[in-house]
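All residue numbers in this chain count up from 1 along the given sequence. When a ligand or atom number is given, it counts from 1 through the structure's own listing order.
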Amino acid sequence: MGRHPHVIILPLPLQGPVNCMLKLAELLCLEEIHVTFINTEHIQRRLRSCSDVESRFKRYPNFRIETIPDGLPEDNPRTGDRIVELFQSMEAESQMILREMLTSGSLGPNSEKPPSSIIADGFFSFAVEMAEQSKLPLIYFDTISPCGLWAYLCLPRLIEAGEFPFRDDDLDAPVKHVEEMECVMRRRDLPSFYRIGEIDDVLIQFIMREAWELPKAQALIFNTFEDVDSGTLSLMRTLGPEVYAVGPIHAHLNSRLAAAAASFYGLWKEDKSCIAWLDAQPPKSVVYVSIGSLACMTVDQSMEIWHGLVNSGARFLWVHREGSIVGPARDDDKDIPAELAKATEERGLIVGWAPQEEVLGHPAVGAFLTHGGWNSTLESVAAGVPMIGWPHFVDQQVNARYVSEVWKLGLDMKDSCGRKTVEEMVREVMDVRRGELLGRAEAMAKLAESSVKPGGSSYADLDRLILDIKFGRFSD
Ligand code: UDP
């Protein structure tokens with residue numbers, strides 16, 4: 001064995017990445033690898049009050065959490081629309097603190113258990129230099145989708161080819177320079193930042209650096225499995241670093257824990273009352289609606305979705321995360337229209353935050369109207385639930401396109417949420433094309449399940465990753 005295996009895990013301080021990385025941490029702890037998990041103080045406070053992270057990890061003496069400031073003032077809302085502020089302050093402030101910890105502080109070479117490798121979110125381009133300085137191998141874990149990430153990495157090529165910035169407003173124009181995706185992608189299916197018209201925009205510059213730095217890591221981990229993403233994983237393997245596809249990570253952890261189910265590490269308190277409500281609904285009769293932890297919708301958009309759901313005749317469970325519906329209420333909507341109130345009372349339920357993995361696994365759920373965040377997409381894939389995508393930003397545009405056109409597990413609402421569209425899409429998934437979509441979704445769920453069992457591709461990749469971490473087998 002090389003150095004004593006001790007991994008530093010550095011997640012992006014957001015719901016999806018933190019939950020994913022904690023699950024990876026538990027998978028490593030099960031194999032007696034020491035893990036130090038770096039949370040921002042803000043995330044740690046919220047996790048402590050909304051999840052069982054502390055009691056859960058008490059069983060692993062080889063696990064500990066260290067906190068660092070995210071550099072933002074306390075009253076910054078840290079919401080999706082101000083995410084760039086978080087990226088900038090992490091880069092400017094948190095990075096310095098981490099570097100110090102790793103060179104001369106509590107995680108330095110002279111500490112009691114010096115680290116042997118770093119697993120960082122792929123968005124942290126500064127991690128390459130930080131790992132080099134600390135003489136530690138760097139493993140990037142990109143918790144967005146591989147297809148979304150590939151579309152990020154093609155940004156320099158699109159600029160070189162003159163495809164970005166777009167020359168006109170035609171979002172339906174096909175995209176030619178995203179390898180392997182030429183037949184699938186229109187401009188509107190590219191990650192949201194491609195709609196920014198300026199090369200020197202701060203977000204575009206972040207993505208350019210990610211495209212440049214990512215291949216310098218020794219290894220890349222993805223939350224996906226071969227059967228769903230073999231094409232994109234082959235592309236990732238051409239970058240150079242060793243590739244490990246260990247997902248769906250939530251199902252993988254459940255599989256390795258055998259009896260005990262894994263936790264969800266939420267930043268909001270789950271409203272479990274929806275499970276009893278689901279118990280009382282007929283099989284596959286409910287559309288579950290959620291736009292994740294960061295996206296927002298306007299009051300007008302929420303009214304369109306609401307009318308669409310009600311007009312479709314389906315039952316629905318809808319997550320209204322606090323602060324997720326923004327903007328002034330329209331005068332005529334101050335009072336909820338009577339038909340919406342009545343239909344919701346009869347066949348709907350609205351909650352603040354749902355236990356999503358449990359909801360998607362519930363027999364009453366027949367479809368998921370989702371913003372298409374990668375965790376939500378994979379959780380739906382693993383549960384065999386067809387999707388209707390209403391993408392907002394980051395990789396969601398790509399994911400929704402893949403769901404409808406590559407994996408054919410649902411529909412893509414893309415850039416439209418008019419009540420007529422919502423009604424038609426719900427009817428199509430729940431009724432008109434139900435057999436076909438459900439059949440494919442259930443078949444894909446079986447593949448996901450086998451991938452995380454002994455003999456499966458993700459199971460083998462995680463075993464390989466564990467051995468490579470234990471024996472320090474990462475080349476420079
Ligand atoms: N989630 C949840 N309850 C909710 C809504 C979302 O537990 O009511 C979880 C969901 O299971 C997923 C995560 O929040 O694991 C959202 O991650 P995703 O990548 O889908 O989207 P993001 O929030 O990053 O946009």
Side-chain angles (χ1 to χ4, degrees), residues 11-24 43 46-47 50-53 78-81 83 86-87 121-123 141-149 191-192 222-224 247-254 261-275 277-278 286-297 316-325 349-362 365 368-383 385 387-400 402-403:
L12 206 54
L14 301 170
Q15 174 68 88
V18 165
N19 178 52
C20 257
M21 294 264 204
L22 277 167
K23 288 183 171 172
L24 178 68
I43 290 288
R46 289 183 61 183
L47 271 180
C50 298
S51 81
D52 64 350
V53 67
R78 296 164 174 82
T79 44
D81 55 333
I83 201 92
L86 177 65
F87 297 157
D121 192 286
F123 199 78
F141 182 6
D142 233 296
T143 59
I144 64 167
S145 63
C147 55
L149 179 66
S192 57
F222 292 106
N223 184 15
T224 192
I249 203 153
H250 68 290
H252 203 155
L253 181 56
N254 280 340
S263 287
F264 180 81
Y265 301 107
L267 306 179
W268 289 264
K269 275 225 154 45
E270 290 173 342
D271 182 346
K272 296 241 182 204
S273 68
C274 58
I275 300 299
W277 182 83
L278 284 172
V286 174
V287 182
Y288 170 59
V289 186
S290 161
I291 57 166
S293 65
L294 289 167
C296 292
M297 64 177 90
F316 59 91
L317 168 61
W318 189 358
V319 178
H320 281 193
R321 189 189 80 242
E322 195 188 339
S324 64
I325 300 180
L349 184 70
I350 296 175
V351 295
W353 187 253
Q356 182 164 303
E357 285 173 29
E358 208 178 334
V359 166
L360 287 169
H362 196 287
V365 172
F368 184 12
L369 199 167
T370 169
H371 70 308
W374 184 236
N375 294 290
S376 295
T377 304
L378 259 192
E379 287 159 15
S380 206
V381 164
V385 175
M387 283 165 268
I388 301 170
W390 182 37
H392 288 242
F393 42 52
V394 203
D395 57 337
Q396 297 155 20
Q397 276 80 7
V398 189
N399 303 344
Y402 265 57
V403 163

task: Look at the side chain of D271 and the backbone N and O of V351, then say whether any donor-acceptor pair between them is shorter than 3.5 Å.
output: no
- prompt: Any donor and acceptor pair, going by atom type alone, linking the side chain of W374 with main-chain N or O of N223 inside 3.5 Å?
  reply: yes
Option from V289, I291, T370 for which side chain to side chain contact (heavy atoms under 4.5 Å, CB included) with W390 holds: I291
[atom2] on [Y] to [atom1] on [X], rounded to 0.5 Å:
{"X": "S380", "Y": "N399", "atom1": "OG", "atom2": "CG", "answer": "12.0 Å"}
{"X": "L253", "Y": "K23", "atom1": "CG", "atom2": "NZ", "answer": "6.5 Å"}
{"X": "L278", "Y": "L349", "atom1": "CG", "atom2": "CG", "answer": "8.0 Å"}

statement: Close residues (non-hydrogen atom under 4.0 angstrom from ligand 1) work out to Q15, F264, Y288, S290, G292, S293, L294, V319, W353, A354, Q356, H371, G373, W374, N375, S376, E379, Q396
